[in-house]
Visitor: 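Got a structure for you, questions after.
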Amino acid sequence: MLRFGPNIDLDLTAFGEERVRLEALVADLWHVSLNKRPASSATRDAPILEEWRLALRPTLCLTGLTTGHH
């Protein structure tokens, strides 16, 4: 988690890593919106989210039951 504030030094390495992670998420969501499936090599060991639904938190998110998450 990144913390921001007037008395907090920003960890630029962590910030860059989080930016890259979120950019990959956006790219994945874009492909899903185009009805494109990811390569099987990318999903071979991915956890499965079942009985998912949208939920409201401070921001919109998914909730559900996960299996295969280590």
Side-chain angles (χ1 to χ4, degrees):
M1 172 166 58
L2 298 174
R3 296 180 55 204
F4 296 90
N7 299 320
I8 298 172
D9 290 331
L10 180 60
D11 180 348
L12 292 177
T13 300
F15 184 84
E17 290 169 355
E18 185 69 2
R19 181 188 54 78
V20 169
R21 188 185 72 82
L22 292 173
E23 286 173 346
L25 173 60
V26 169
D28 290 345
L29 292 172
W30 179 251
H31 281 94
V32 169
S33 75
L34 297 174
N35 202 25
K36 294 182 178 179
R37 295 185 174 268
S40 60
S41 61
T43 60
R44 184 177 304 118
D45 297 324
I48 297 170
L49 180 64
E50 298 179 291
E51 299 183 35
W52 65 270
R53 59 191 151 285
L54 295 175
L56 290 177
R57 304 245 170 134
T59 188
L60 188 64
C61 65
L62 289 175
T63 65
L65 305 174
T66 58
T67 56
H69 194 298
H70 304 281

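Remember, predicted model here, so these are calculated numbers, not experimental data. Both backbone and side-chain heavy atoms feed into the values below; hydrogens, waters and symmetry mates do not.
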Visitor: Just jot down the side chain to side chain contact (heavy atoms under 4.5 Å, CB included) partners of Ser33, sequence neighbours excluded, or say none.
Guide: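 Result, side chain to side chain contact (heavy atoms under 4.5 Å, CB included) vs Ser33: Trp30.
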Visitor: Enumerate the residue pairs fulfilling salt bridge (charged side-chain N to carboxylate O under 4.0 Å, His left out) with a member in residues 25-36, sequence neighbours excluded, ordered by first and then second residue.
Guide: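 Matches after skipping sequence neighbours: none remain.
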Visitor: Given a cutoff of under 4.5 Å between side-chain heavy atoms of I, L, V, M, F, W and Y, with clusters grown through shared members, what are the other residues clustered with Val32?
Guide: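 Answer for Val32: none, a lone residue.
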Visitor: Just jot down the side chain to side chain contact (heavy atoms under 4.5 Å, CB included) partners of Leu25, sequence neighbours excluded, or say none.
Guide: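 Residues passing side chain to side chain contact (heavy atoms under 4.5 Å, CB included) with Leu25: Leu22, Leu29.
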Visitor: For Arg21, which residues count as a side-chain hydrogen bond (donor to acceptor under 3.5 Å, both in side chains) partner, sequence neighbours excluded?
Guide: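 Listed in chain order: Glu18.
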Visitor: The criterion is side-chain hydrogen bond (donor to acceptor under 3.5 Å, both in side chains); which residues satisfy it with Glu23, sequence neighbours excluded?
Guide: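 Residues passing side-chain hydrogen bond (donor to acceptor under 3.5 Å, both in side chains) with Glu23: Arg19.
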Visitor: Which ILVMFWY residues are connected to Val20, directly or by a chain of links, through side-chain heavy atoms under 4.5 Å apart?
Guide: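 Noted: Val20 shares its cluster with no other residue.
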